[in-house]
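Data first, discussion second: the structure below is written as structure tokens.
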Amino acid sequence: MAGLSRRRFLQGVAGFGAGVLSGCGGLPLRSGGKAHVVVVGGGFGGATAAKYLRLLDANIQVTLIEPKAKYITCPGSNWLFAGLTSLDQLTVDYQALQYRYGVKLLVDRVSSLDPARRSLRTLGGQSLSYDRLILSPGIDFRWDAIAGYDQAATEQFPHAWQAGLQTLLLARQLQAMPDGGVVLIAVPADPYRCPPGPYERASMMAYWLKQRKPRSKILILDAKRSFSKQTLFEAGWTKHYGYGTANSLIEWHSLADNPLLELNKQSRVLTSEFGDQFSGDVLNIIPPQTAAQIALQHGLTDSTAWCPVRPLTGQSLFDDFIHVIGDAAHYAPIPKSAFAANSEAKACALAVTSLINQTPIPEAHWLNTCYSLIAPEHGISVAGVYKLDAANAIMPVKGAGGVSAGTDGEAVALEADYTRAVYRSLMVDTFG
């Protein structure tokens, strides 16, 4: 990583939460009754925000609304295709947030939002008022991008972009495929959740196929001309999977000028604008994405279908009392990743605490790192550090972050260890 050693970066990651808290000591409590912050969405953004609000100011009441009592992480879910993990190992509950930090958990969904009254109702019939609302609802899908591919079709052609039953379905399809079969992975244009995700998925599938069905092939049909960590992925594919040869387990095709337009469910064929047809035994179609429905339905998105925010505080451009973080929000050039959501949540929690207590909002910095496995002992990564420029726009910090530098066996094995370590640390920092 240019300008920042891997050891120093990981030390910074491990100490990031403590650093946030050490800069917040002595925040005065708001006079009067306790402020109430409602957090919607219990993923890496929402759970982190709820936890850190309580750490920053125990006088703030925090309610976390999440439809599931247990959360299955998208990070790490690609490892399931290589047989390196299970859904149980990817599943976490909210007990620590409740009993260690005093977050109130409401297993429910928001049915309506009344910004004028600063209140909301849930499907279960509860009505809650809030002083501040933090939305971290994640993504939804655009079902109009490929004719013939809709939500019902995912039961046959899974996207597996929300971990759980879709992940298991895709894994079982891969396992049932005959040796010599073809897997098609259709990748959308930017922006979407976890830019390295489809390519790590192809890597993990290729690792499993190499051991059990080596005559098979994975075709990546990409709506982009290039992708995150492309040079590193292609070097790893060359090393492990014969990339660039006639017998390669993985082929990557850019369809930036020839987009996929139609799916024929019966023949399992995808057709492009120029009439090219691609057929496979397993079709993993990842649709283009938008902010989740709660954001779309309540006017918190712009023409991009993502939520524009003031980066320093995470406040929606459309409502000063609503903050949006994580995949649903527009924090470009920070990518939509779990690590980024965790970092955005900490900055947002600090800003919300400051706003409630009527104290100056400290300068914000954000971190992101995306680790990927190409094989169990071959990891790669990209990392970035971000701050606000003079125009209050997010910009990368020059000389910080970078991509994996080493390519020899020892270096990539260390990266694989870091991949697992960062995942474990992120889980503890968010949910533990």
| message | Hydrogens and angles aside, do Ser404 and Glu415 bring a side-chain donor and acceptor to less than 3.5 Å of each other? | response | yes

| Hey, are Asp429 and Lys346 close enough for a salt bridge, meaning a charged N less than 4.0 Å from a carboxylate O? | yes

| remark: ring-ring contact (aromatic ring centres under 6.0 Å, His included) filter on Tyr423, not counting sequence neighbours, yields Trp79

| field | All ring-ring contact (aromatic ring centres under 6.0 Å, His included) counterparts of Tyr192, not counting sequence neighbours | value | none

Mind listing the side-chain donor-acceptor pairs of residues 327-334 below 3.5 Å, one per line with the distance, residues two or more places apart or on another chain?
unit_1 : atom_1 : unit_2 : atom_2 : d
Asp327 : OD2    : Arg193 : NE     : 2.7
Asp327 : OD2    : Arg193 : NH2    : 3.2
Tyr331 : OH     : Val324 : O      : 3.4

| message | Within the 4.5 Å heavy-atom criterion, are Asn78 and Leu373 side-chain neighbours or not? | response | no

| message | Looking at Arg132 and Leu355, would you say the former's side chain and the latter's main chain have a donor-acceptor pair under 3.5 Å? | response | no

| task | For Asn258 and Glu273, test the side chains for any donor-to-acceptor distance below 3.5 angstrom and give the result as yes or no. | result | no

| ring-ring contact (aromatic ring centres under 6.0 Å, His included) with Trp252: which residues, sequence neighbours excluded? | Phe227

| said: Under the salt bridge (Lys or Arg N to Asp or Glu O under 4.0 Å) definition, can you give me all pairs with a residue in residues 75-96, not counting sequence neighbours? | reply: none

| message | Main chain of Lys213, side chain of Ser216: is a donor-acceptor contact present, judged purely on distance under 3.5 Å? | response | yes

| query | Below 4.5 Å, heavy atoms only, C-beta onward: do Leu219 and Val182 meet side chain to side chain? | reply | yes

| query | Stepwise, does the side-chain contact (heavy atoms from CB on, under 4.5 Å) test hold for Val37 with Leu133? | reply | CA-CA 6 Å; Val37 178; Leu133 174 64; over 6 Å; no

| With a 4.5 Å limit on heavy-atom distance, are the side chains of Leu255 and Phe278 in contact? | yes

| Does any non-hydrogen side-chain atom of Lys336 lie less than 4.5 Å from one of Trp306? | yes

| query | Between the main-chain N or O of Cys74 and the side-chain N or O of Ser77, is there a donor-acceptor pair closer than 3.5 Å? | reply | yes

| request: Without swapping roles, check the side chain of Arg268 against the backbone of Ser279 for a donor-acceptor pair under 3.5 Å. | output: no

| Nearest-0.5 Å distance, CD of residue Gln166 to CD1 of residue Ile72 | 11.5 Å

| message | Taking salt bridge (Lys or Arg N to Asp or Glu O under 4.0 Å) as the definition, give me every residue that meets it alongside Lys265, ordered by chain and number, with sequence neighbours left out. | response | none

| query | Do any pairs count as a salt bridge (Lys or Arg N to Asp or Glu O under 4.0 Å) and have a residue in residues 394-405, sequence neighbours left out, and if so which ones? | reply | none

| message | I'd like to check the ring-ring contact (aromatic ring centres under 6.0 Å, His included) partners of His159; sequence neighbours left out, ordered by chain and number. | response | Phe141

| field | Geometric class of the Tyr149/Trp143 ring pair [parallel <30°, tilted 30-60°, perpendicular >60°] | value | tilted

| message | For Gly41 versus Leu64, what's the shortest heavy-atom pair and its separation? | response | O-CD1, 3.5 Å

| Going by atom types only, do Ser129 and Ser119 share a side-chain donor-acceptor pair under 3.5 Å? | no

| query | If you round to the nearest 0.5 Å, how far is CG of Leu221 from OG of Ser254? | reply | 10.5 Å

| task | Go through the structure and list residues passing side chain to side chain donor-acceptor pair (under 3.5 Å) with Gln89, not counting sequence neighbours. | result | Thr85, Ser86

| said: I'd like to check Pro198 versus Ile220 (side-chain heavy atoms, cut-off strictly below 4.5 Å). Are they in contact? | reply: no

| said: With no hydrogens and no angle check, just 3.5 Å: does a side-chain donor-acceptor pair link Asn392 and Arg310? | reply: no

| remark: CH2 of Trp161 to CG of Leu170, rounded to nearest 0.5 Å, is 10.5 Å

| message | What I'd like to find out is whether the side chain of Thr122 reaches to under 4.5 Å of the side chain of Leu128, using heavy atoms alone. | response | yes

| Mind checking what makes salt bridge (Lys or Arg N to Asp or Glu O under 4.0 Å) contact with Arg142, not counting sequence neighbours? | Asp144

| Gap separating the OG atom of Ser381 from the CG atom of Leu232, nearest 0.5 angstrom | 8.0 Å

| request: Using modelled atom types only, decide if a donor and an acceptor are shared between the side chain of Glu262 and the backbone of Thr271 within a distance under 3.5 Å. | output: no

| Least distance between heavy atoms, Ala49 atom then Ile325 atom | CB-CD1, 4.0 Å

| said: Using side-chain contact (heavy atoms from CB on, under 4.5 Å), reason through Val412 and Lys239 one step at a time and then give a plain yes or no. | reply: CA-CA 12 Å; Val412 299; Lys239 179 177 181 178; 4.3 Å; yes

| said: Treating Tyr71 as the side-chain partner and Phe431 as the backbone partner, does any N or O pair qualify as donor plus acceptor under 3.5 Å? | reply: no

| field | Side chain to side chain, Met205 and Ile185, heavy atoms closer than 4.5 Å | value | yes

| request: Indicate the atoms forming the closest heavy-atom contact of Tyr94 with Lys68, along with that distance. | output: CE1-O, 3.5 Å

| field | Qualifying salt bridge (Lys or Arg N to Asp or Glu O under 4.0 Å) pairs with a residue from residues 217-238, counting only residues at least two apart or across chains | value | Lys217-Glu251, Asp222-Lys224, Arg225-Asp257

| query | Between Tyr241 and Tyr207, is the ring centre distance below 6.0 Å? | reply | no

| request: Indicate yes or no for a side-chain donor-acceptor contact from Gln277 to the backbone of Gly275 under 3.5 Å, with no hydrogens or angles considered. | output: no

| message | Quick one: does any side-chain atom of Ser136 pair with a main-chain N or O of Gly46 as donor and acceptor, under 3.5 Å? | response | yes

| task | Go through the steps for Leu388 and Ile394 under the test side-chain contact (heavy atoms from CB on, under 4.5 Å), then give the verdict. | result | CA-CA 5 Å; Leu388 293 178; Ile394 298 173; 4.0 Å; yes

| message | Once salt bridge (Lys or Arg N to Asp or Glu O under 4.0 Å) is applied, what residue pairs with a partner in residues 108-129 remain, sequence neighbours excluded? | response | Asp114-Arg117

| query | Does Gly432 offer a backbone N or O that forms a donor-acceptor pair with the side chain of Lys51 under 3.5 Å? | reply | yes

| Between Phe339 and Phe44, does the ring centre distance come in under 6.0 Å? | no

| Between Asp57 and Thr353, does any side-chain donor sit less than 3.5 Å from a side-chain acceptor? | no

| task | Tell me whether the centres of the aromatic rings in Tyr243 and Trp237 are closer together than 6.0 Å. | result | yes

| message | Checking side-chain polar atoms at under 3.5 Å, does Thr290 have a donor or acceptor matched by the opposite partner on Asp140? | response | no

| query | Got a second to check how far Arg201's CZ is from Cys194's SG, nearest 0.5 Å? | reply | 9.5 Å

| message | Within this structure, what is the CG-CG distance for the pair Leu261 and Asp276, rounded to the nearest 0.5 Å? | response | 10.5 Å

| query | Could you walk me through whether Asn264 and Leu270 pass the side-chain contact (heavy atoms from CB on, under 4.5 Å) check? | reply | CA-CA 6 Å; Asn264 186 311; Leu270 284 163; over 6 Å; no

| message | Strictly distance-based, threshold 3.5 Å: is any side-chain N or O of Gln315 a donor or acceptor partner for the main-chain N or O of Asp320? | response | yes

